[in-house]
Amino acid sequence: ARDSGSSQVELSLHSYASLVLQRMVQLDEPEVREALELLRGSRIFILNGTTHFKGSESAAGPEYEKMTRATALFVSWLDMMDETARLWRQIPVLNPYYGTARIWLAAWELNRRQALDAAAKPVVEQLREHLKGPWAPEVEETRRAAVRRLEANAHDDGWQEALVRRVNDGALLEAQPADISRLAALGVRISVVVSAEDQIIPWSVSKLFLEHLGVAAPETAPPAGTVLESRDGVVRAVVVAGDHYVPLKDPGAVDRLLSR
């Protein structure tokens with residue numbers, strides 16, 4: 001808005017970006033209030049969004065619940081070991097334990113990289129499977145570019161750590177009904193799109209997200225073309241054909257949805 005001089009914006013979010021918005025709405029900070037004012041009377045478009053609140057991870061199934069706990073323990077262990085390493089680095093050269101500290105730190109750096117590689121590996125393998133081709137000719141180069149980025153990042157410890165911490169941070173969100181009330185008070189309309197074959201966010205989680213927004217959703221995923229609305233008509237959800245990568249595989253469909 002600052003760059004364009006506009007007094008109003010529309011917000012378009014995909015996947016876990018919806019978690020960022022939900023956390024942002026909870027923050028009572030001047031910059032956040034200024035940003036939310038730009039949405040007054042406008043629209044938020046959410047494609048394959050998700051949410052989290054206490055106990056919600058169980059909706060995705062025991063495997064997801066187990067992964068959430070394991071990720072939290074891993075990040076806690078990583079933070080604890082990093083703090084220990086920080087203390088070891090403060091040992092002065094003349095200290096008799098200096099040599100021991102250098103050996104321990106070198107070993108920790110190696111173990112840290114190996115641990116991050118192991119933690120990120122399941123997600124990397126999942127992404128490789130999702131990006132198997134070919135896709136339609138008009139978007140095949142997009143897939144290849146995504147594969148190149150993935151392979152470039154797959155063994156980068158900074159990327160791996162960001163991935164693990166993002167998963168953990170998402171599980172820390174405590175979404176509240178008041179978050180939606182705050183948006184409603186601004187007169188924000190919310191358009192939600194759910195991919196019928198989303199292989200990352202299961203319907204059980206999409207259902208929770210829709211209900212968090214005030215939309216009654218069936219127990220099982222409805223067919224593509226289904227439209228669901230909140231009672232007040234502020235939130236409108238549509239189920240479309242395709243998977244989590246609709247923006248890459250069918251950008252034209254996304255353009256059409258955005259133009260509604």
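Since we're looking at a predicted model, the values are computed, not measured.
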**OP:** Flag yes if more than 12 heavy atoms outside Gln90 fall under 6.0 Å of its CD atom; otherwise flag no.
**Re:** yes
Original post:
At what distance, to the nearest 0.5 angstrom, does OG of Ser42 lie from CG of Leu186?
Top reply: 10.5 Å
Original post:
What do the steps show when you test Lys207 against Glu219 for salt bridge (Lys or Arg N to Asp or Glu O under 4.0 Å), and what is the final call?
Top reply: CA-CA 8 Å; Lys207 180 178 184 296; Glu219 288 298 323; 3.4 Å; yes
Subject >> Exam field: side chain Arg43 to backbone Leu258, donor-acceptor pair closer than 3.5 Å >> reply: yes
Original post:
Hey, is Arg128 close enough to Glu125 for a salt bridge, meaning N to O under 4.0 Å?
Top reply: yes
**OP:** Please tell me if the side chains of Leu47 and Pro247 come closer than 4.5 Å, counting only heavy atoms from C-beta onward.
**Re:** yes
Original post:
Ignoring hydrogens and geometry, is there a side-chain-to-backbone donor-acceptor pair from Thr71 to Asn168 under 3.5 Å?
Top reply: no
Original post:
Is there a path from Val123 to Val205 through hydrophobic residues (I, L, V, M, F, W, Y) whose side chains come within less than 4.5 Å of each other?
Top reply: yes
Original post:
Can any side-chain N or O of Thr226 pair as donor or acceptor with the backbone N or O of Val239 at less than 3.5 Å?
Top reply: no
**OP:** For Glu83, look at atom CD and say whether over 12 heavy atoms of other residues, nucleotides or ligands are found less than 6.0 Å away.
**Re:** yes
**OP:** For atom CZ of Arg86, decide whether the heavy atoms of other residues, nucleotides or ligands shown that lie under 6.0 angstrom number more than 12.
**Re:** yes
**OP:** Enter the distance from Thr51:OG1 to Gln176:CD here, rounded to the nearest 0.5 Å.
**Re:** 9.5 Å
**OP:** Check whether any side-chain heavy atom of Arg143 lies under 4.5 Å from a side-chain heavy atom of Leu248, and answer yes or no.
**Re:** no
Original post:
Cluster question for you: counting only ILVMFWY and a side-chain heavy-atom cut-off of under 4.5 Å, with indirect links fine, are Val215 and Leu13 together?
Top reply: yes
Original post:
What closest approach, in Å, do Trp203 and Ala221 show between heavy atoms, and which atom pair accounts for it?
Top reply: CD1-N, 3.4 Å
Subject >> Side-chain heavy atoms of Phe45 within contact of Val193, under 4.5 Å >> reply: yes
Subject >> Spacing of CG belonging to Leu163 relative to CG belonging to Asp156, to within rounding of 0.5 Å >> reply: 11.5 Å
Original post:
Take atom CZ in Arg33; do more than 12 heavy atoms of anything else shown fall under 6.0 Å from it?
Top reply: yes
**OP:** Could you grab the distance from atom OG1 of Thr84 to atom CG of Asp79, nearest 0.5 Å is fine?
**Re:** 10.5 Å
Original post:
Can you tell me how far the OG1 atom of Thr50 sits from the NE2 atom of His212, to the nearest 0.5 Å?
Top reply: 10.5 Å
Original post:
About how many Å separate OG of Ser6 and CG of Leu38, when rounded to the nearest 0.5 Å?
Top reply: 7.0 Å
Original post:
Of the non-hydrogen atoms in Tyr16 and Arg166, which two are nearest, and what is the gap between them?
Top reply: CD1-NH2, 4.3 Å
Original post:
What is the minimum heavy-atom distance between Gln22 and Ala175, and which atoms define it?
Top reply: OE1-CB, 3.7 Å
Original post:
Between Asn111 and Met81, does a side-chain contact (heavy atoms from CB on, under 4.5 Å) hold up when you go through it step by step?
Top reply: CA-CA 11 Å; Asn111 290 336; Met81 295 299 289; over 6 Å; no
**OP:** Heavy atoms only: give me the nearest Trp159-Val124 pair and the separation to one decimal.
**Re:** CZ3-CG2, 3.7 Å
Subject >> Lys/Arg N to Asp/Glu carboxylate O, Arg112 vs Glu161, below 4.0 Å >> reply: yes
**OP:** Please work out whether the ring planes of Trp77 and Phe74 are parallel, tilted or perpendicular, with thresholds of 30° and 60°.
**Re:** tilted
**OP:** Please report the C-alpha distance between Phe209 and Asn48 in whole Å, then the side-chain angles of each, then the deciding distance to 0.1 Å, and finally whether the side-chain contact (heavy atoms from CB on, under 4.5 Å) criterion is met.
**Re:** CA-CA 10 Å; Phe209 183 46; Asn48 296 336; over 6 Å; no
Original post:
Is a side-chain N or O of Glu174 found less than 3.5 angstrom from the main chain of Phe53, in a donor-acceptor match?
Top reply: no
Original post:
Are Met80 and Val164 joined in one hydrophobic group, where the rule is that I, L, V, M, F, W and Y side chains link up if heavy atoms are under 4.5 Å apart?
Top reply: yes
**OP:** Grab the two heavy atoms, one from Ala59 and one from Ser204, that are nearest each other, plus how far apart they are.
**Re:** O-OG, 2.7 Å
Original post:
Under 4.5 Å between any side-chain heavy atoms of Asp243 and Lys249, yes or no?
Top reply: yes
Original post:
What class does the angle between the rings of His244 and His14 fall in, given that below 30° is parallel, 30 to 60° is tilted and above 60° is perpendicular?
Top reply: tilted
Original post:
How far apart are the C-alpha atoms of Val9 and Leu39, what are their side-chain angles, what is the distance that settles it, and do they pass the side-chain contact (heavy atoms from CB on, under 4.5 Å) test?
Top reply: CA-CA 6 Å; Val9 298; Leu39 288 170; 4.1 Å; yes
Subject >> Stepwise side-chain contact (heavy atoms from CB on, under 4.5 Å) test for Leu183 and Asp179 >> reply: CA-CA 7 Å; Leu183 290 174; Asp179 307 340; over 6 Å; no
Original post:
Quick one: are Glu151 and Val147 in side-chain contact, heavy atoms under 4.5 Å?
Top reply: yes
Original post:
Is the count of non-hydrogen atoms from other residues, nucleotides or ligands lying under 6.0 Å from Glu141 atom CD greater than 12?
Top reply: yes
Original post:
Under 3.5 Å, is there a donor-acceptor pair between the side chain of Gln8 and the main chain of Arg40?
Top reply: yes
Original post:
Does the side chain of Leu228 come within less than 4.5 Å of Pro218's, by heavy atoms?
Top reply: yes
Original post:
Looking only at atom types and distance, does a side-chain atom of Gln160 sit under 3.5 Å from a main-chain N or O of Ala154, one as donor and one as acceptor?
Top reply: yes
Original post:
Would Val238 end up clustered with Ile201 when hydrophobic side chains under 4.5 Å apart are linked, directly or stepwise?
Top reply: no
Original post:
Are Leu11 and Ile46 connected, step by step, through hydrophobic side chains (Ile, Leu, Val, Met, Phe, Trp, Tyr) whose heavy atoms are closer than 4.5 Å?
Top reply: yes
Subject >> Contact check, side chains of Met24 and Leu36, non-hydrogen atoms, under 4.5 Å >> reply: yes
Subject >> Arg23 side chain near Gln26 side chain, heavy-atom distance below 4.5 Å >> reply: yes
Original post:
For Leu19 and His52, which heavy atoms make the closest approach, and how far apart are they?
Top reply: CD2-N, 4.1 Å
Subject >> Note: Glu140-Arg144 ion pair, threshold 4.0 Å (strictly below) >> reply: yes
